[in-house]
Amino acid sequence: VVGVLQNCRQLTYLNLSANRISDLGAGSLSEGFQPLGSSITFLDISGNHFGGDGAGRLACALGQCRALVHLNLSGNRLGPLGAGALCGALRECLSLSHLDLSANEVGDEG
């Protein structure tokens with residue numbers, strides 16, 4: 001998937017929900033997001049298996065997705081550390097109007 005993403009510079013909608021993406025997979029996936037920073041507007045990575053480590057790896061790439069409007073990360077295992085990493089990166093996503101972090105055990109710390 002990463003190799004394909006790197007060549008799809010006009011991609012605006014990507015749904016990778018429920019694909020059993022692990023922390024390692026989330027890190028690999030973040031490499032594919034680099035060229036999509038100016039085009040992707042909808043991203044659904046819900047219902048996968050990555051946690052705080054994967055979220056941290058994704059955070060850097062997501063911070064480059066300046067056109068992102070909709071981001072669904074529900075049903076993963078982000079925890080407070082993963083949520084914190086994402087929040088820092090998502091400050092750069094000024095177009096973001098929908099963010100779903102439900103069912104991630106973020107707690108009060110996140």
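When a residue number appears, it is its place in the shown sequence, counting from 1. Keep in mind that the numbers below use all heavy atoms, side chains included, and drop hydrogens, waters and symmetry copies.
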Please tabulate, for side-chain N and O atoms in residues 57-72, each donor-acceptor pair with protein atoms closer than 3.5 Å (sequence neighbours left out).
unit_1 : atom_1 : unit_2 : atom_2 : d
Arg57  : NH1    : Asp23  : O      : 3.4
Arg66  : NH1    : Gly63  : O      : 2.4
Asn72  : OD1    : Ser74  : N      : 2.9
Asn72  : OD1    : Ser74  : OG     : 2.8

Would you say [X]'s side chain and [Y]'s backbone share a donor-acceptor pair under 3.5 angstrom?
{"X": "Ser22", "Y": "His49", "result": "no"}
{"X": "Asn7", "Y": "Leu5", "result": "no"}
{"X": "Asn76", "Y": "Ile21", "result": "no"}
{"X": "Thr41", "Y": "Thr12", "result": "yes"}

key: Worked verdict on Leu99 versus Leu86 for side-chain contact (heavy atoms from CB on, under 4.5 Å)   = CA-CA 11 Å; Leu99 175 63; Leu86 286 167; over 6 Å; no

ask   = Given Leu73 and Asp100, is the side-chain contact (heavy atoms from CB on, under 4.5 Å) satisfied, shown in steps?
value = CA-CA 6 Å; Leu73 292 165; Asp100 189 345; over 6 Å; no

message = Tell me which pairs pass ring pair (Phe, Tyr, Trp, His ring centres under 6.0 Å) where either residue lies in residues 11-39, with sequence neighbours left out.
response = Tyr13-Phe42

query = Roughly how far, to the nearest 0.5 Å, is SG of Cys93 from CD1 of Ile40?
reply = 11.5 Å

inquiry  = How long is the straight-line distance from CG of Asn19 back to OG of Ser46, given to the nearest 0.5 Å?
reply    = 9.5 Å

request  = For Ala85 and Gly56, work out which heavy atoms get closest and say how close.
outcome  = CB-CA, 3.9 Å

query = Run the side-chain contact (heavy atoms from CB on, under 4.5 Å) check on Leu78 and Phe50 step by step: do they pass?
reply = CA-CA 7 Å; Leu78 304 181; Phe50 62 88; 3.6 Å; yes

query = Are side-chain heavy atoms of Asn15 and Ile45 found at a separation under 4.5 Å?
reply = no

task = Start with the C-alpha distance between Leu14 and Asp44, add both sets of side-chain angles, then the distance that settles side-chain contact (heavy atoms from CB on, under 4.5 Å), and finish with yes or no.
result = CA-CA 6 Å; Leu14 181 61; Asp44 186 342; over 6 Å; no

